[in-house]
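Working notes, beginning with the structure itself.
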There are 2 protein chains.
Amino acid sequence: MRQDGREQDGDDCAGGGRDGDCTLREALDRVGGKWAIGILLAASPGPVRFSELTRQVEGISRRMLTLTLRNLERDGLLHRLVHPGVPPRVEYRATPMALELYEPLRALTAWADRHRTAISEARAAYDRQNGRG
Amino acid sequence: MRQDGREQDGDDCAGGGRDGDCTLREALDRVGGKWAIGILLAASPGPVRFSELTRQVEGISRRMLTLTLRNLERDGLLHRLVHPGVPPRVEYRATPMALELYEPLRALTAWADRHRTAISEARAAYDRQNGRG
DNA sequence: CAGCATCCCATCCGATACTG
DNA sequence: CAGTATCGGATGGGATGCTG
C-alpha cells in the first residue's frame, strides 16, 4: 500500500521508447508531486525547521509535509539534522544536488510564463467548442 | 470526479509562498502525468496517428492515450486533425509552444542524468538505515 | 481505425486525533 | 516541537467491451 511513497529502484520506466524519456520520468517522479517543489524552494536559501515549513508551504498538512520530507531525504535532496534537547528541533537543508535543480526548474517556469496566456486562451477556446459541464 | 482531467482555470495555486512556484505548478500539471511527455516526444518529429502512438508510447492503454491527448489538445500543446473517410484517420501534431518545451525538459533530463547514481545510492543508504519492508 | 463507456483498484492527499 | 496513526474521499490509471 505504499503509503510511504517508497518505490523499487528497479523501476520499469519503459514508458516511451525515445531515449531520455525514462530519465525524464525519474526526475518528474521526484519533483512532480504536489508539495516537493514548494518544500525544496523553501529550503534552498538555508536550513529550515519543520514548523517553518508548515507556515511557508501554504496549505500543506503535517502528514504530507512529513511524507514528502522523508521522500526528499531518501532521494538525497534534503539532509535532516536533529538537534537533541527539549523541545525537539529538526533542521532540513537542501543538498547541492537539490540546489542544482533550481536551473532546470527555472527553465520550466520561464516556459510556463511565456505561454501562460496562450494556454489559458487555448483552454477557453476548447471549452467553448465542447461543453464545459 | 474529474475523469476528464478538466480543471478550472481559476486554480487556487497558492501552495508555496515564493513567486514562480505557482507558475511551476502549472507547468508540472501539464507535463507531470504518466504519459504526457512520451506523447509529446513521439509527436515532436512530425504528425502521428493514434495507432502509431499506441505503439510508440509503450504500455499506454487506449483510454489513457485518449484522455492525455484531449488534455494536451485542450492546453494548446497538440493540434488534432481529422482526415474524413473510412477508415478514420486522425493526426496529432505538436504545436510550436509544445516544441519549446523540449529545451526545459532537456535541462531536467540532464540533471537527472548527472545525479542518477547519487540518487540511487542515497536511496540504498536510506533503505539500509531504515527498514525497506 | 479511433475512439467512448464502464468497472475497478491503487495511490494521493486532507482531516483529525494522539505521542515522545 | 516534530512528528505518528488512522480514516475516508478524490484522483490516476489499467482492463475490457462496444461503436461509427
Side-chain angles (χ1 to χ4, degrees), chain A residues 1-8 11-12 14-15 25 28-39 43 47-73 78 80-92 130-131, chain B residues 1-8 11-12 14-15 25 28-39 42-43 47-73 78 80-93 130-131:
Chain A
M1 240 121 187
R2 249 331 73 103
Q3 191 57 257
D4 55 3
R6 204 169 300 184
E7 354 159 342
Q8 251 47 42
D11 231 347
D12 50 348
R25 265 258 61 77
L28 287 174
D29 285 345
R30 239 138 241 130
V31 129
K34 187 169 181 181
W35 302 110
I37 295 284
I39 292 175
V48 269
R49 298 178 56 182
F50 190 91
S51 52
E52 290 182 76
L53 285 169
T54 62
R55 281 186 292 275
Q56 289 196 39
V57 184
E58 270 175 83
I60 198 172
S61 63
R62 288 198 303 286
R63 173 177 141 72
M64 284 317 294
L65 179 53
T66 302
L67 282 176
T68 311
L69 284 172
R70 291 294 169 274
N71 284 174
L72 292 173
E73 188 195 354
L78 288 180
R80 178 169 178 272
L81 181 58
V82 182
H83 301 267
V86 173
R89 175 187 173 83
V90 179
E91 271 184 7
Y92 292 91
N130 318 11
Chain B
M1 245 115 194
R2 251 327 71 102
Q3 191 57 258
D4 57 2
R6 204 166 302 183
E7 350 158 346
Q8 250 47 40
D11 232 347
D12 51 347
R25 265 257 61 78
L28 287 174
D29 285 346
R30 237 140 244 128
V31 129
K34 187 170 181 182
W35 303 109
I37 296 285
I39 292 174
V48 270
R49 298 178 57 182
F50 189 92
S51 52
E52 288 182 76
L53 286 169
T54 63
R55 281 186 292 275
Q56 290 196 38
V57 183
E58 271 175 82
I60 199 171
S61 62
R62 288 199 305 285
R63 173 178 139 73
M64 285 316 294
L65 180 53
T66 303
L67 281 176
T68 311
L69 284 172
R70 290 297 168 271
N71 285 172
L72 292 173
E73 189 194 354
L78 287 181
R80 178 169 179 270
L81 182 57
V82 183
H83 300 267
V86 174
R89 174 188 173 84
V90 180
E91 272 184 4
Y92 292 91
R93 181 185 302 262
N130 318 15

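Values below: every heavy atom of this structure, side chains too, minus hydrogens, waters and symmetry copies. Lettering of chains follows the sequences in order, A, B, ..., and the numbering in each one begins at 1.
The shortest distance between side-chain heavy atoms of A:I39 and A:L78 falls below 4.5 Å. You'll find the side chain of B:F50 reaches within 4.5 Å of the side chain of B:L69, heavy atoms only. Looking at B:L28 and A:I37, their side chains come closer than 4.5 Å, going by heavy atoms from C-beta outward. The side-chain heavy atoms of A:I60 and A:L53, taken from C-beta on, include no pair separated by under 4.5 Å. Residues B:V82 and B:R80 meet the side-chain proximity criterion, which asks for heavy atoms closer than 4.5 Å.
In terms of phosphate contacts, B:R70 brings a side-chain nitrogen or oxygen within less than 4.0 Å of OP1 or OP2 of C:dG3. Distances shorter than 4.0 Å separate some side-chain N or O of A:R80 from OP1 or OP2 on D:dG3. For A:K34, no side-chain nitrogen or oxygen approaches OP1 or OP2 of D:dT11 to under 4.0 Å.
Rounded to whole angstrom, the span from the CD atom of B:E58 across to the C1' atom of D:dG14 amounts to 17 Å. Atom P of nucleotide C:dC13 and atom CG of B:D29 are separated by 11 Å, given to the nearest angstrom. Regarding A:L53, its CG atom lies at a distance of 9 Å from the P atom of D:dA2, rounded to whole Å. Straight-line distance from the CZ atom of A:R49 to the C1' atom of D:dG3: 13 Å, rounded to whole Å. Atoms CZ (A:F50) and P (C:dG20) sit 17 Å apart, rounded to a whole Å. C:dG3 atom P lies 7 Å from atom CG of B:L69, rounded to whole Å. For A:E52 and D:dC1, the CD to P distance is 11 Å, given to the nearest whole Å. Straight-line distance from the CG atom of B:N71 to the P atom of D:dT11: 13 Å, rounded to whole Å.
Of the listed nucleotides (D:dT4, C:dC13, D:dG14), D:dG14 has the atom at the smallest distance from the side chain of B:W35. Each of D:dG3, C:dG14, C:dC4 was ranked by its minimum atom distance to the side chain of A:M64; first place goes to C:dG14. Considering only the side chain of B:P87, C:dC1 comes nearest among D:dC1, C:dC1, C:dG3. Looking at the side chain of B:S51, the nearest of the listed nucleotides D:dG13, D:dC1, C:dA2 is C:dA2. Side-chain proximity of B:P88 to the nucleotides D:dC1, C:dC1, D:dG13 is greatest for C:dC1. Comparing D:dC18, D:dA2, C:dA17 by their nearest atom to the side chain of B:R62 picks out D:dC18.
Among the heavy atoms of the strands lying under 4.0 Å from A:R89 are primed sugar atoms or P, OP1, OP2 only; no base atom is included. Nucleic acid contact for A:T66: base, since at least one base atom lies under 4.0 Å from a heavy atom of the residue.
For the atom pair CD (A:E91) and CD (A:E52), the distance works out to 8.0 Å, reported to the nearest 0.5 Å.
With hydrogens and angles left out, the side chain of B:R63 and the base of D:dG13 share a donor-acceptor pair within 3.5 Å.
Between B:I60 and A:E91, the residue anchored nearer the 5' end of DNA chain D, judged by the nucleotide with its closest heavy atom, is A:E91.
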